[in-house]
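Values reported hereafter were calculated over all heavy atoms of this structure, with side chains retained and with hydrogens, waters and symmetry mates removed. Throughout, protein chains are lettered first and strands after them, A, B, ... in sequence-line order, and every chain is numbered starting at 1.
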2 protein chains.
Amino acid sequence: MAGRKTRAPLRPGPRRGASLPAGTREDLMRAGAETFAELGFDGATTERIAERAGATKAMINYHFRSKQGLYEAILLATFAELKSRLDGVRRSGSPAADQLRAFVAEFARAAREHPSFPAIMVREVLSGGKHLPEGVLPRVLGVMGVVRGIVEQGVEEGSFRPVNPLLTHLSLMGALLFFFATEPFRKQMVPKVRLGQAPPTYEAYVAHMQELMVRGLEAAPRRRR
Amino acid sequence: MAGRKTRAPLRPGPRRGASLPAGTREDLMRAGAETFAELGFDGATTERIAERAGATKAMINYHFRSKQGLYEAILLATFAELKSRLDGVRRSGSPAADQLRAFVAEFARAAREHPSFPAIMVREVLSGGKHLPEGVLPRVLGVMGVVRGIVEQGVEEGSFRPVNPLLTHLSLMGALLFFFATEPFRKQMVPKVRLGQAPPTYEAYVAHMQELMVRGLEAAPRRRR
DNA sequence: GTCTATAGGCTGATAGAC
DNA sequence: GTCTATCAGCCTATAGAC
C-alpha cells in the first residue's frame, strides 16, 4: 500500500553536513513533524506544513519528492537519535533496575527534545503502520529489544520476577507514549474542566513510571527503611 | 470548532427500544465505529462507512444529521456501558487491590465487546479532543474519578503507597488503551517480522497489568509464600 | 531553489424521485 | 426510509517562469 510508484532521483535536495540544521529543508522537517503530530499523516496538508515552514507546497516535492518522502525523512532522523540514546543505556552494564530507570529517563528526554515524536508513533501504530517507512520498522523492534534485554537481565540476576518481556515492553511503551502524546490534550482541557490541579510535569511522570515499573517487576520482598 | 450550525430536528430517525440492535441506524453505528477506529474521524469517509453498513451516504445524514452526529451517537452509547461497568467495581466495596484488578478486567472486557472503542479514544485525545462531543468529556473524567477513588482508598487503607492518583490513572489507561488500540498493528506485523512468538492475548495482558499495577502500588513488603 | 497557477481526484452534505 | 445525482470545496502533485 506504500509501494513506490516512480523511480525519481533519490536526493534532489542539497547535501548538508551534520552541522546545526538551517535552511528550507530543515524548516520543512520541523514544521512537518509538528503538523504530522497534530493532524496525522492524512490530516497534515502540504500547504499547512509549507506555511508553517515559511515556504510553499512545491518545496516539499522538490526536497522530499512527496509528502510521504518528508514523513520518512523525519522518522528516520528521529529514530537514529533515539537508538543511540537507548543503546547507551544497555552498554552501561548497570543492574537491571537501574537500566530500567535510565530507559524511562532517556525516553522521556528524547520526547522532550522531539515533542512531536510520540504522537506520530502512536498514530502510526494505530493506522496499522500504513505510512511506516520500511527502514523504520527495524528501529521499532530495536527499542523492543532494549526493553527485552533489560527484563531478561533482571530475571537472570534474580532482581526481577519472571515476567514476559513483550508484555512488559507493551505496558511500558504504552504508558510512556500515551503520556507524552496526549500532553497537548491535557493542556487544552485545563480551562474546560476543574481538575483541582495543574497538568502533571514530565519530571513527575518520569519518577512515577520509574517507581511503578521497578516495584512492579521486582522479585524480592522490599525492606522498609 | 465543533459548533452546531443548523438546528435540524434532533432525532429524525426511528425510535427503537432497548432490544437487540437491528436496522440501518444500528448498522451505521457498527460500521462507523469500525471505520473511525481504523481511519480516524477525518479519514473515515461517509461513503466507506455506508458501504460497510450496506447503505448509502445519504442515510448517515438522514439518521444522524452529519458525520459528526454519527460519531457522537457511537461515543455516547459506548461510554454509557463502560460507566455502568466501572461503577460496579467501586460499589463492590472490596479492598483497593482487588478493585484495581477488577478495573483492569472490566476495562479489558469492555474493550473486547467494543473493539473499536480504544482506538477511537486514543485518536480523540491525540487530536486534542477536536471531535469530542460535549457530553462525552464528563464520562472521560468519570473514568478518571474511578481510578482516583481506588487509589485514594488504597492509600487510606495503608495497602498502597502514597502515589499521585492522576499519574496512576495516566499510566494505567495509557498501558491499557495502547495495548487494545494497537492489536491490529501487531497482528499485521506477524508476517513481516520474526518475533519468535505469537502476539500476546488479552488474557495474558490483563494478568500482566493486574500484577504490575498492584505490585507497583503496594505499600507493604511482600511475603514469599 | 523558489515561486505561481492549475490539473485531476476525492469528500461531505443535499436535492429530489420513489 | 432509501436511493441517485450533483454541488461546492479541498487536497496532492506538477508544470513552467524566474
Nearest-angstrom distance from the residue atom [atom1] of [X] to [atom2] of [N]:
{"X": "A/E51", "N": "D/dT12", "atom1": "CD", "atom2": "P", "result": "13 Å"}
{"X": "A/L70", "N": "D/dC11", "atom1": "CG", "atom2": "P", "result": "17 Å"}
{"X": "B/H131", "N": "C/dG12", "atom1": "NE2", "atom2": "P", "result": "11 Å"}
{"X": "B/I60", "N": "C/dT14", "atom1": "CD1", "atom2": "P", "result": "13 Å"}
{"X": "A/D27", "N": "C/dG1", "atom1": "CG", "atom2": "P", "result": "14 Å"}
{"X": "A/R65", "N": "D/dA13", "atom1": "CZ", "atom2": "C1'", "result": "12 Å"}
{"X": "A/F64", "N": "C/dG1", "atom1": "CZ", "atom2": "C1'", "result": "13 Å"}
{"X": "A/E26", "N": "C/dG1", "atom1": "CD", "atom2": "P", "result": "11 Å"}

Test ring-ring contact (aromatic ring centres under 6.0 Å, His included) applied to [X] - qualifying residues, sequence neighbours left out:
{"X": "B/F107", "answer": "none"}
{"X": "B/F41", "answer": "B/F36, B/Y71, B/H131"}
{"X": "B/F180", "answer": "B/Y202"}

Who passes side chain to side chain donor-acceptor pair (under 3.5 Å) against [X], sequence neighbours left out?
{"X": "B/E38", "value": "B/R52"}
{"X": "A/K192", "value": "none"}
{"X": "A/K187", "value": "none"}
{"X": "B/R48", "value": "none"}

**OP:** Residues of residues 32-49 of chain B with any non-hydrogen atom less than 4.0 angstrom from an atom of DNA chain D: list those, numerically ordered, please.
**Re:** none
Considering only distance and modelled atom types, tabulate donor-acceptor pairs under 3.5 Å from the side chains of residues 169-177 of chain B, sequence neighbours left out.
unit_1, atom_1, unit_2, atom_2, d
B/S171, OG, A/H208, NE2, 3.0
B/S171, OG, B/L167, O, 3.0
B/S171, OG, B/T168, O, 2.9

**OP:** Sugar-phosphate means primed atoms, P, OP1 and OP2; the rest is base. With that split, encode nucleotides 2-9 of chain C 5' to 3' as B, S or - using protein heavy atoms under 4.0 Å.
**Re:** BBB-B---
Original post:
Can B/L39 and A/K130 be said to form a side chain to side chain contact (heavy atoms under 4.5 Å, CB included), step by step?
Top reply: CA-CA 10 Å; B/L39 303 170; A/K130 206 192 325 185; 3.4 Å; yes
**OP:** Could you pull out all residues at least two apart from A/E81 that satisfy salt bridge (Lys or Arg N to Asp or Glu O under 4.0 Å)?
**Re:** A/R85
Original post:
Which range-with-range stems can be found for DNA chain D when each stem has 3 or more Watson-Crick or G-U pairs in a row and both distances sit under 3.5 Å?
Top reply: C:1-18 with D:1-18
Original post:
Would you find a donor on one side and an acceptor on the other, under 3.5 Å apart, between the side chain of A/T201 and the backbone of A/A204?
Top reply: yes
